[in-house]
Amino acid sequence: EKIGATKDEL
Amino acid sequence: NAIRLAGDMSHMASFFVLLFKINKSKSVAGISLKTQELYVLVFCTRYVDIFWNHLSLYNSLMKVIFIALSVMIVYVMRRGVPQRSTYNPELDSFPHHWLVLPCVLLGVAINQDPTSPFEMAWAFSIYLEAVAIMPQLHMVQKHGEAENLTSHYIFLLGLYRVFYLVNWVYRYMTEDGYWQAIVWVSGAVQAVLYLDFFYNYVKSKQKD
């Protein structure tokens, strides 16, 4: 799992 | 991508529909203050990284907008004249503490980095967002039906979630190694909560 990968979503 | 953008736009539209409704009708009857306060909590705990994560102007700007609009809605519901006198606390009776507490525990227990308080807060906000609509849905059920604009508001929120789900499938297929268990499971739970509402919404639109 890419840590923080969804931090580019709201 | 376009699907994700569509999700963000329906999410933003939902805020404006709700603000329009409470400004135009001067009434917050049928709107759950608990759900709105949970959203303020969701955005404030998720977007703490606004101070150090600058991925894009779009992202930072949207974070500010989401926090500002959700705070504005709560402010009008609590302080607005005459709106505050139209709030029905007796219908807004969902035991919301029972939503927050498990989400806190889950956020502390299951997150992307157990050493980081930010990741705990972030995971908490993902879990809480999944269930934050429940007081509002409960209120609609108690009321029997929702006003048109209120139902449009809930529909847009559900639509936003559906767009995000499709966006995740798209990203999984196009981005190498893109895989997000926490958001996917929570997002799916969130979408399921809207199913009954969607069904009734479409049915009543067909009748119209």
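Predicted model only: the values in this text are computed from it and were never measured. Per chain, numbering begins at 1; letters A, B, ... match sequence-line order.
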Participant: Looking at R46(B), R4(B), K63(B), E129(B), which one has more heavy-atom pairs under 4.5 Å with chain A than the rest?
Facilitator: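 The candidate making the most pairs under 4.5 Å is R4(B).
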Participant: I'd like to verify something: which residue of F66(B), Y58(B), Y47(B), F43(B) has the highest number of heavy-atom pairs under 4.5 Å with chain A?
Facilitator: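 Among F66(B), Y58(B), Y47(B), F43(B), the one with the most close pairs to chain A is Y47(B).
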Participant: Go through the atoms of D8(B) and report whether side chain, backbone, both or neither lie under 4.5 Å from a heavy atom of chain A.
Facilitator: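 Only the side chain of D8(B) comes within 4.5 Å of chain A.
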Participant: Which residues satisfy the side chain to side chain contact (heavy atoms under 4.5 Å, CB included) test with V17(B), sequence neighbours excluded?
Facilitator: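 By the side chain to side chain contact (heavy atoms under 4.5 Å, CB included) rule, V17(B) matches L149(B), H152(B), Y153(B), L156(B).
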Participant: Below 30° counts as parallel, above 60° as perpendicular, anything between as tilted: where do the rings of F198(B) and F155(B) land?
Facilitator: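 It falls in the perpendicular class, over 60°.
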Participant: Taking the six-membered ring of Y201(B), is NZ or CZ of K203(B) closer than 6.0 Å to its centre and within 45° of its axis?
Facilitator: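 Because its charged atom misses either the 6.0 Å distance or the 45° angle limit, K203(B) does not stack over Y201(B).
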Participant: May I ask you to say whether D8(A) pairs ionically with R171(B), meaning some side-chain N is under 4.0 Å from a carboxylate O?
Facilitator: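 Yes.
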